[in-house]
Visitor: 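What follows is a single structure, and I will ask about it in a moment.
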Amino acid sequence: MIWVAWRQHRTALLALGLYVLVLLVLMVYYRATMLAVVDMRGWSECVPSRYAAGCLRRLDATVWGWYESVDNVRLALIGYGVLVGVFLGAPLFAREFEQNTHLFALSQSVRPSRWFAAKVAVVAVPAALGALVLGAVYRWWTTALGKLVVPQEGFHAGLFEPQPPALFGYVVFAVGLGVVVGLVVRRVVPAMAVTLVAWLGALYAVRRFARPDYLTPLVLERPFGDYRIGYEADQDRWRLAEGVTDAAGRFVSSRDEVVQDATRSCQISSGGQHSVEYHDCMTALGYRSGADLVQPGDRFWVFQAIEATLFTAAGVLCVLGAMWWLRKRFRRDIRVPAAA
Amino acid sequence: MRARGLGARYRRDRALRDCSFEVAPGGVTALVGANGAGKSTLLKLAAGLLRPTEGVLEVRGEVGFVAQEKPLYRGFTVAEMLEYGRRANPRWDDRYARDLVDRAGLPRDRRTGRLSGGQRASLSLVLALARRPDVLLLDEPLAEMDPVAREDAVRWVMLAVEETGVAVLLSSHVVADLDGVCDRLLALDRGEVRLDGPVEDLVDGHRLVVAPRDTDLGAHEVIQERAGERQLTALVRLRGPLELPDDQVTTPNLDELVVAYLRRGRAAVAA
């Protein structure tokens with residue numbers, strides 16, 4: 001049945017393969033040309049940190065252009081997940097039902113579950129491998145240029161989402177979601193639209209609501225008004241919020257109205273945030289110190305593992321659910337084997 | 001294949017109710033009825049594509065099925081469809097399949113999306129026959145075929161019945177197509193079985209009477225009658241010998257028989 005599934009979906013798979021190839025070539029090209037520029041201008045000490053000696057002054061517009069290149073490729077990698085869901089996952093079964101070919105496929109001797117498994121495997125395995133390769137090459141490219149191409153914190157969506165584990169999870173989920181939507185909607189174009197919206201919605205919801213709380217964030221204290229010291233200590237961290245700690249050491253966000261009022265009045269009375277007076281003023285109001293709510297950079301791979309597990313599990317559950325439904329719906333228990 | 005009290009619903013509509021019948025190996029059973037009578041539903045049930053909501057349906061052995069839509073993968077060539085059949089069916093007879101495809105004049109390298117309706121129907125039939133099934137379910141197999149293809153198709157099915165003893169259940173809403181093809185008749189109307197039996201017995205057991213209006217038909221069951229001013233036309237089921245002059249009695253053909261039963265069923269429903 002693998003041959004049958006491959007014959008059916010080869011056009012879409014080859015097109016997807018072409019997309020992967022173009023992105024790979026693009027990333028290899030970017031990496032080579034960017035490294036050449038770094039060599040030529042002697043920027044290598046700026047790769048680990050833009051705050052290294054004199055880097056901020058020496059870097060020029062070339063580097064700002066690199067941010068944009070990386071961002072475009074990141075979108076293209078997220079787009080890879082979209083393409084898998086919309087052009088491989090959604091039509092996988094929707095087209096069968098739309099053209100009634102499921103009546104042919106499901107009435108052959110081969111069991112419906114084998115037909116289903118072959119189709120899903122032929123699409124999911126190459127798509128997931130593509131995600132791993134794309135993610136690995138993206139990582140190989142961006143780590144070589146460090147902070148020159150991704151100035152943000154290490155957890156920034158731009159650096160977090162195209163990593164191999166996360167991208168793998170997104171793609172598995174895209175296939176599973178497309179399969180389920182296709183079986184429910186049974187029309188190719190509506191199934192594509194629903195898959196697109198649902199997949200992007202899931203990604204956004206996780207990024208916005210779930211990911212910040214995968215592990216309990218840490219409260220890191222620092223002097224009032226000093227925003228750089230924490231970042232320079234851990235440039236790969238993810239700062240969820242900044243604020244202060246109260247006398248008991250509890251974190252209070254700077255968006256809190258009481259804290260805002262306190263900050264404002266102390267700034268006025270002491271003429272800025274970087275003075276001993278400001279510190280004394282805030283202490284007098286009952287605050288212990290400035291603080292950041294952060295996920296430290298060394299949790300990066302734990303977060304990758306959680307993200308990948310979450311999406312992979314969702315995708316696998318979709319596929320298993322669809323398989324269970326198909327077996328229940330097209331069970332062949334009315335058939336009695338022919339007497340030998 | 002055997003059904004007892006078989007029923008199926010789509011949401012709240014009843015597509016079939018309380019159907020009981022048997023299809024024996026080595027014969028062709030014609031499934032007739034108007035559009036919407038439940039023929040396709042019955043065949044899909046037998047093919048395992050729908051689940052009965054009530055009753056029991058037993059199907060013994062390998063089942064070949066050709067759906068009414070004659071679905072084929074549009075991007076596949078004829079040869080690739082045969083390859084699909086070969087890979088999806090352990091009993092696939094490849095020489096037989098190629099032979100039939102050639103006889104039907106189907107170009108092997110043409111995509112099925114570019115075949116005519118009749119050619120698609122022929123290819124669908126070949127794909128089902130080459131599986132060498134024990135039960136062959138054909139939903140309107142002849143509908144789109146031209147007369148030559150139709151004759152070929154009927155011959156292939158008859159040969160398969162003779163050679164392998166396959167049980168064929170074949171639906172049609174054109175009863176005339178089936179004359180001389182089927183040996184058993186199953187007439188459905190609005191989801192219910194109206195007539196079921198061997199064609200020979202059915203034809204032998206009924207007479208078409210055209211007699212003067214006041215003729216007494218005695219104990220014979222009148223299935224349908226139409227009284228004119230002076231003349232009575234009636235289809236009767238015989239209960240013993242019919243004592244009428246020979247020139248007033250003829251043997252009905254299948255078409256007349258089926259129509260009479262379907263009309264009677266509707267009259268009963270309307271009443």
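Bear in mind the structure is a predicted one, so any value in this text is a computation, not a measurement. Protein chains get the first letters and strands the later ones, always in sequence-line order, with residue 1 at the start of each.
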Visitor: Which heavy-atom pair separates A/Leu88 from A/Leu16 by the least distance, and what is that distance?
Guide: CD1-CD2, 3.6 Å
Visitor: Which residues, numbered in order, of residues 187-196 of chain B come under 4.5 angstrom of chain A by heavy-atom distance?
Guide: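 None at all.
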Visitor: Is any NZ, NE, NH1 or NH2 atom of the basic residue among B/Asp93 and B/Arg132 found under 4.0 Å from an Asp or Glu carboxylate oxygen of the other?
Guide: yes
Visitor: Using 30° and 60° as the class limits, which term best fits the ring planes of A/Tyr80 and A/Tyr19: parallel, tilted or perpendicular?
Guide: parallel
Visitor: Fit a plane to each ring of A/Phe173 and A/Phe311, take the angle between them on a 0 to 90° scale, and name the class: parallel (under 30°), tilted (30 to 60°) or perpendicular (over 60°).
Guide: perpendicular
Visitor: Honestly, is A/Arg31 close enough over A/Trp140, meaning NZ or CZ under 6.0 Å from the six-membered ring centre and within 45° of the axis?
Guide: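 Yes, A/Arg31 lies over the aromatic ring of A/Trp140.
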Visitor: Taking atom CG of B/Leu16 and atom CG of B/Leu50, what is their separation to the nearest 0.5 Å?
Guide: 9.0 Å
Visitor: Can you tell which part of A/Arg114 gets under 4.5 Å to a heavy atom of chain B, answering side chain, backbone, both or neither?
Guide: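 No part of A/Arg114 comes within 4.5 Å of chain B.
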Visitor: Does the pair A/Trp115 and A/Phe93 meet the rule for a ring pair (Phe, Tyr, Trp, His ring centres under 6.0 Å), with working shown?
Guide: CA-CA 11 Å; A/Trp115 170 74; A/Phe93 292 98; 5.4 Å; yes
Visitor: What residues of residues 72-81 of chain B sit under 4.5 Å from chain A when you count only heavy atoms?
Guide: B/Leu72, B/Tyr73, B/Arg74, B/Gly75, B/Phe76, B/Glu80, B/Met81
Visitor: Is B/Lys70 in contact with chain A via its backbone, its side chain, both, or neither, using a 4.5 Å heavy-atom distance?
Guide: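 Neither part, no heavy atoms under 4.5 Å.
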Visitor: Could you tell me whether the side chain of A/Ser109 reaches within less than 4.5 Å of the side chain of B/Arg91, counting heavy atoms only?
Guide: no
Visitor: As an exercise, state the distance from CH2 of A/Trp6 to CG of A/Leu13, rounded to the nearest 0.5 Å.
Guide: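 Answer for the CH2-CG pair, A/Trp6 versus A/Leu13, is 5.5 Å.
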Visitor: Under 4.5 Å heavy-atom distance to chain A, tell me which part of B/Leu137 shows up: side chain, backbone, both or neither.
Guide: neither
Visitor: One pair to check against side chain to side chain contact (heavy atoms under 4.5 Å, CB included): B/Arg131 and A/Gln108. What are the steps and the verdict?
Guide: CA-CA 9 Å; B/Arg131 293 173 56 188; A/Gln108 302 299 300; 3.9 Å; yes
Visitor: Heavy-atom cut-off 4.5 Å, strictly under: side chain, backbone, both or neither for A/Glu96 against chain B?
Guide: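 A/Glu96 touches chain B through side-chain heavy atoms alone.
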Visitor: Between B/Ala67 and chain A, with a heavy-atom cut-off of 4.5 Å, which part of the residue counts as in contact: side chain, backbone, both or neither?
Guide: side chain
Visitor: Do A/Thr142 and A/Tyr30 have side chains that approach each other closer than 4.5 Å (heavy atoms only, starting at C-beta)?
Guide: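 Of all side-chain heavy-atom pairs linking A/Tyr30 with A/Thr142, none is under 4.5 Å.
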Visitor: Within this structure, what is the CG-CG distance for the pair B/Asp139 and B/Leu170, rounded to the nearest 0.5 Å?
Guide: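 Here the rounded value is 9.0 Å.
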